[in-house]
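Okay, so here's the structure we're looking at.
Predicted, not measured: the structure shown is a model, and the values here were computed from it. In this chain, residues are counted from 1 in sequence order.
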Amino acid sequence: FDAGFHTSSMAQRNQISVKAAEDSDSNPKCPDCGGSTERKDGTAKNGKPWAGYFCLRTAGLQRGKGQHIPIWINDL
């Protein structure tokens with residue numbers, strides 16, 4: 001708690017992600033806004049792996065609701 005407020009864990013993760021992206025020049029810039037991106041990967045429901053770089057400026061928005069288009073990595 002700080003002055004009666006507490007920071008959510010999601011906000012803390014976003015701050016850490018933004019800091020990590022700012023420190024790394026290896027991630028490509030967002031093609032929509034030129035902002036920093038972070039690399040994410042996982043496995044789709046059909047079992048296929050996926051990976052891409054996602055804009056940190058629109059990280060809190062839902063797909064189709066203002067989130068910038070990711071840069072997909074097709075090397076998997």
Would you say I69 and D32 make side-chain contact, with heavy atoms under 4.5 Å?
yes

Pairwise side-chain contact, K40 with W50, heavy-atom cut-off 4.5 Å (strictly under)
yes

Do the non-hydrogen side-chain atoms of N27 and S36 ever get within less than 4.5 Å of each other?
no

Nearest-0.5 Å distance that lies between atom CZ in R39 and atom OH in Y53
5.5 Å

Count the heavy atoms belonging to other residues, nucleotides or ligands that lie under 6.0 Å from CG of L61, then report whether that count exceeds 12.
yes

Minimum heavy-atom separation for T37 to C30, with atom names?
CG2-N, 3.6 Å

Show the nearest heavy-atom pair for residues F54 and P70, with the distance to one decimal.
CE2-CB, 3.5 Å

Has T58 got a side-chain atom pairing as donor or acceptor with H68's backbone, closer than 3.5 angstrom?
yes

Output yes when a side-chain donor or acceptor of T43 lies under 3.5 Å from a complementary backbone atom of P49, and no otherwise.
no

